[in-house]
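In what follows, every heavy atom counts, from backbone to side chain, and hydrogens, waters and symmetry copies are set aside. One-based numbering, in listed order, for ligands and for the atoms of each.
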Amino acid sequence: MKAIYNERYGPLEALRLQDLERPTIGATDVLVRVRAAGLHIGDCFAVRGAPWGMRVATGLLKPKNGVPGFDVAGVVETVGSGVTRFKLGNEVFGACEGSCAEFAAVSQDTLALKPANLSFEEAAALPTSALAALHGLRDAAKVQPGQKVLINGASGGIGTFAVQIAKSMGAHVTGVCGTTNIDLVRSLGADDVIDYAQEDFTLRGPVYDVILDNIENRSLSDIRRALTPKGTLLCNSGTGATGPAMLIRLAKPIVISPFVGHNLRRYLSTPKHDDLVVLKDLVESGKVRPLIDRTFPLSETVAALQYIDQGHARGKVVVAV
Ligand SMILES: NC(=O)c1ccc[n+]([C@@H]2O[C@H](COP(=O)([O-])OP(=O)(O)OC[C@H]3O[C@@H](n4cnc5c(N)ncnc54)[C@H](OP(=O)(O)O)[C@@H]3O)[C@@H](O)[C@H]2O)c1
């Protein structure tokens with residue numbers, strides 16, 4: 001099969017389109033004929049093997065799977081002997097390792113039937129980013145109807161889903177984005193939009209019950225000014241620092257939280273079949289729609305990753321296979 005591959009960690013530019021063996025599947029896995037792969041910044045980290053923490057999941061010294069791509073949409077080609085949820089020909093979407101290829105092995109536990117009203121490209125845009133938004137808002141922050149929720153980085157991969165999911169939960173949603181993305185964030189359903197080039201949202205006073213911060217470009221004390229007295233801050237970036245500075249940055253909200261009135265959180269979103277079904281229902285009921293910025297052919301996966309790496313994607317970047 002054709003696949004984008006590098007046997008070792010390295011720069012994005014070292015990835016090559018190559019002929020590889022099809023992945024083998026275990027008893028509870030599904031072999032998916034890939035139609036589209038969704039990308040996000042974690043793919044750039046996994047290709048480089050940096051930040052180092054990423055290697056706990058992707059392999060310590062060299063990548064376990066040198067093919068990038070954690071998000072997939074496609075058609076079931078073969079199923080393992082223990083697979084109960086899927087059969088040949090099902091159109092599916094989910095999370096795996098190595099979706100920038102013609103075939104990917106996917107556990108049935110991280111796969112679901114594709115929303116009927118989405119293309120493969122749109123479905124591949126969902127898994128990691130929409131689940132991160134869902135897990136942050138529903139599970140970590142436990143957003144309630146009527147609460148005021150602010151999404152910092154509302155125009156990005158997670159932010160565009162977070163605005164829509166928070167609205168679907170009955171929240172009053174404020175999105176923070178750049179000037180060129182104001183109309184876009186409003187079109188996603190945000191009740192209020194703040195242009196970060198014009199206004200500092202942390203100066204609005206203690207008005208937000210929940211802040212999902214996808215950017216983390218402000219100090220904790222600055223951002224806490226915008227939280228209600230018992231408000232929740234979801235710190236969701238962790239990037240932008242290296243070495244010990246990164247560890248301090250990751251740990252700081254968790255260490256401080258017990259000593260302040262605010263709930264300062266980090267959370268890790270992991271893919272599950274049941275939550276992919278929740279996303280499918282949200283999409284099919286018209287409450288959530290993936291927003292695709294750019295679609296690249298498989299042979300241009302490096303350009304797709306470089307584009308994400310610049311940090312200015314509007315919604316999602318997808319590779320069509
Ligand atoms: N908790 C988890 O389990 C989990 C899972 C996945 C990812 N993450 C993390 O979540 C973070 C966000 O990921 P993502 O995929 O949403 O990123 P992304 O798509 O790369 O975000 C890009 C967006 O951020 C906006 N932006 C840049 N600077 C901004 C600023 N100062 N204020 C407001 N918006 C700004 C950009 O808009 P402009 O072009 O207008 O600047 C662009 O639309 C990443 O750090 C990622 O590692 C966490």
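Counting only distance, with no hydrogens or angles, the side chain of T174 and the backbone of L150 share no donor-acceptor pair below 3.5 Å. A distance-only check finds a donor-acceptor pair linking the side chain of S99 to the backbone of D71 [under 3.5 Å]. Put simply, the side chain of E216 gets close to the backbone of N236: a donor and an acceptor are under 3.5 Å apart. E91 places no side-chain N or O within 3.5 Å of a backbone atom of V75 that could act as its donor or acceptor partner. In this structure a side-chain-to-backbone donor-acceptor pair under 3.5 Å is missing from T295 to V319. Under the 3.5 Å distance criterion, the side-chain polar atoms of D281 are left unmatched by any main-chain donor or acceptor of V278. Using modelled atom types, one side-chain atom of K142 and one backbone atom of D139 make a donor-acceptor pair closer than 3.5 Å.
Under a 4.0 Å criterion applied to the non-hydrogen atoms of N152, ligand 1 contributes the atoms 32 (N), 33 (C). Less than 4.0 angstrom separates some heavy atom of G178 from each of these atoms of ligand 1: 40 (O). Every atom of ligand 1 with a heavy atom of N214 under 4.0 Å away is listed here by number and element: 11 (C), 12 (C). Taking every heavy atom of G153 and a limit of under 4.0 angstrom, the matching atoms of ligand 1 come to 33 (C), 34 (N). The atoms of ligand 1 that sit less than 4.0 Å from any heavy atom of I41 are 44 (C), 46 (C), 47 (O).
Counting heavy atoms only, Y196 comes closest to atom 41 (O) of ligand 1 of the residues Y267, F70, Y196. Here the shortest heavy-atom distance to atom 15 (O) of ligand 1, taken over A132, G157, A154, belongs to G157. The nearest non-hydrogen atom to atom 25 (C) of ligand 1, considering only I215, T180, V176, comes from I215. Considering only non-hydrogen atoms, atom 37 (O) of ligand 1 lies nearest to S155 out of G175, S155, S237. Across the listed options N236, L184, V185, T270, N236 owns the non-hydrogen atom lying nearest to atom 1 (N) of ligand 1.
Between S269 and ligand 1, an N or O atom pair is found at a separation short of 3.5 Å. Looking at ligand 1, you'll find an N or O of A313 within less than 3.5 Å of one of its N or O atoms. Residue contacts with ligand 1: H312 is placed with a nitrogen or oxygen under 3.5 Å of a nitrogen or oxygen of the ligand (distance criterion only).
Between D192 and the choices K148, R204, K167, the salt bridge (charged side-chain N to carboxylate O under 4.0 Å, His left out) rule is met once, by R204.
Looking only at heavy atoms of the protein, atom 23 (C) of ligand 1 is closest to G156 CA, 3.5 Å. Nearest protein heavy-atom contact of atom 31 (N) of ligand 1 is N217 ND2, 3.1 Å. Nearest non-hydrogen protein atom to atom 36 (C) of ligand 1 is G311 O, 3.5 Å.
When non-hydrogen atoms are compared, ligand 1 lies under 4.0 Å from the side chain of N181 (C-beta onward) but not from its backbone. Both the backbone and the side chain of I158 come within contact range of ligand 1, each with a heavy atom under 4.0 Å.
Counting only N and O atoms by type, the side chains of R225 and T202 include a donor and acceptor under 3.5 Å apart.
At a threshold of 4.5 Å between side-chain heavy atoms, the hydrophobic network of Ile, Leu, Val, Met, Phe, Trp and Tyr places I254 and I248 in two separate groups.
Residue K280 qualifies as enclosed at atom NZ: its count of foreign heavy atoms under 6.0 Å is above 12.
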